[in-house]
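These notes are about the structure you will find just below.
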Amino acid sequence: CLGLRVLGGVARSIEAFAAYHRQKESLTEYLQVSAAGLALLRRNVEVSNGPALLGALVDACGVTHWPVGKRFSNAISKVDTGILALADQGVIQHVAAFDIFTRSLVQDLAMFSSRARAANPELDHDHSLLQLSSGGRWVSHHCCHDLAGRLGTLSQRIAELTSWTGWAPSAKLAPILPLFDLARSVRNKIAHDGGIVGADLETLSTGHGVQAALAAFRANYTRADLPELPRFRRGKPLNLNVVHAIFFGAILYEIAREINEYASGLIDDAEFIDMAFYYSCIVDEHPFRKTRYRLWDNPVNHFVSEGYLRQR
């Protein structure tokens, strides 16, 4: 019989969320480790010969294309700039991971949920999971990939998920959704405006919606203190720290958890097995796949029991 697996507090996980969970955890750990390395570097160059020492540390990397013997003036400032850049990169990657998750979720529902296809016109299409290639090999059909490609920009994503899948934010989640817009707006400033705050972000960040959302997140989603966001002033740099990037990732993850819970309810046990078969046997490469199995059905069992459900 099939039981339930708890992945990040979620009883059932479709492939899109299982992949997103792994990526979010990896991003968080990478940011923490990188921040620790930069903090240690900063401590080491806080000496009178910091410029020469920082140059020697760069030389020790052994990169062929970098000249040897360079001195870095204002060594501490150089490292601080690297810390700010790491935080900006963390925001970019967390938002990108959520973007990929939501597109993949639509694709998974279109591929595996007959209930979702029947109930939602946007997902209804002439569906075929597999097709026979010219080489006589069963491969993925492109129909569901094409459908997910019709999603618009991330600014429309919450509304699109509602109209495409029937999902609606819960009474608990709805109050924190302004933080999704904040994370997306911060990402846009990094990607398109060199990390400089514009009037739109300044207005959004100081508005009642974001302040109320921060209070709702603090009250309903965490027992720990939230990192205080910097004051976003028009024409000034964002001045984010790594902890803020991880915080934005945590906000997006809570939204993803609820969407996954809804989507998992649209897939029955037989369709979970179809999904496990598809990702364990059809997809060419998968980070969760093992290379050797003793029995023919072990790949599917492995994905069902370790990725989506608990099999006993």
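The shown structure was predicted, so the numbers you read here are calculated from the model rather than taken from an experiment. Sequential numbering from 1 along the given sequence is applied to the chain's residues. Note that these values count all heavy atoms, side chains included, but never hydrogens, waters or copies made by symmetry.
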Short question: side chain of [X], backbone of [Y] - any donor-acceptor pair under 3.5 Å?
X      : Y      : result
Arg117 : Asp124 : no
Ser205 : Glu202 : yes
Glu254 : Gly249 : no
Asp59  : Val68  : no
Gln211 : Thr206 : no
Arg115 : Gly265 : yes

Any chain of hydrophobic side-chain contacts (each under 4.5 Å) joining Leu109 to Ile158? yes
So how far is it from [X] [atom1] to [Y] [atom2], rounded to the nearest 0.5 Å?
X      : Y      : atom1 : atom2 : answer
Trp164 : Leu123 : CH2   : CG    : 7.0 Å
Asn301 : Ile273 : CG    : CD1   : 8.5 Å
Arg218 : Ile176 : CZ    : CD1   : 12.5 Å
Arg71  : Leu53  : CZ    : CG    : 10.5 Å
Glu46  : Leu41  : CD    : CG    : 10.0 Å
Met111 : Ser128 : CE    : OG    : 10.0 Å

Test Val242 against Gln32 for side-chain contact (heavy atoms from CB on, under 4.5 Å), laying out the working first. CA-CA 8 Å; Val242 173; Gln32 290 171 332; 5.9 Å; no
For Phe72, is the NZ or CZ atom of Lys70 found under 6.0 angstrom from the centre of its six-membered ring and inside 45 degrees of the ring axis?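 Lys70 over Phe72 ring: yes.
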Does any part of the side chain of [Y], heavy atoms only, come nearer than 4.5 Å to the side chain of [X], both counted from C-beta?
X      : Y      : result
Val95  : Val186 : no
Ser114 : Glu271 : yes
His94  : Leu27  : yes
Asn241 : Pro227 : no
Leu229 : Leu182 : yes
Pro230 : His244 : yes
Tyr221 : Leu173 : yes
Tyr278 : Ser280 : no

Tell me whether [X] is salt-bridged to [Y], with the criterion being a basic N under 4.0 Å from an acidic carboxylate O.
X      : Y      : result
Arg184 : Asp99  : no
Glu261 : Arg257 : no
Arg22  : Glu15  : yes
Asp269 : Arg12  : yes

Output, in order, the C-alpha distance, side-chain angles, deciding distance and verdict of side-chain contact (heavy atoms from CB on, under 4.5 Å) for Asp80 and Leu84. CA-CA 6 Å; Asp80 286 342; Leu84 293 174; 5.8 Å; no
Atom NE2 of His208 with >12 non-hydrogen neighbours under 6.0 angstrom: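 For His208, atom NE2 is not crowded (no more than 12 foreign heavy atoms under 6.0 Å).
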Short side-chain donor-acceptor distance under 3.5 Å, Glu122 and Ser163: no
Distance-only donor-acceptor check, side chains His145 and Ser140, under 3.5 Å: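 Result is yes, a qualifying pair exists.
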Would you call the rings of Phe98 and Phe101 parallel, tilted or perpendicular, where under 30° means parallel and over 60° means perpendicular? tilted
Could you check Leu105, Ile255, Leu151 and say which one makes a side-chain contact (heavy atoms from CB on, under 4.5 Å) with Leu161? Leu105
Any chance you could lay out the salt bridge (Lys or Arg N to Asp or Glu O under 4.0 Å) test for Asp200 and Arg234, step after step, and finish with the verdict? CA-CA 8 Å; Asp200 53 344; Arg234 181 181 180 182; over 6 Å; no
Validation row, ring centre Phe112 to ring centre Phe272 under 6.0 Å: no
Please tell me whether Phe248 and Tyr253 form a close aromatic pair, meaning their ring centres lie under 6.0 Å apart.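 For Phe248 and Tyr253, the ring centres are not under 6.0 Å apart.
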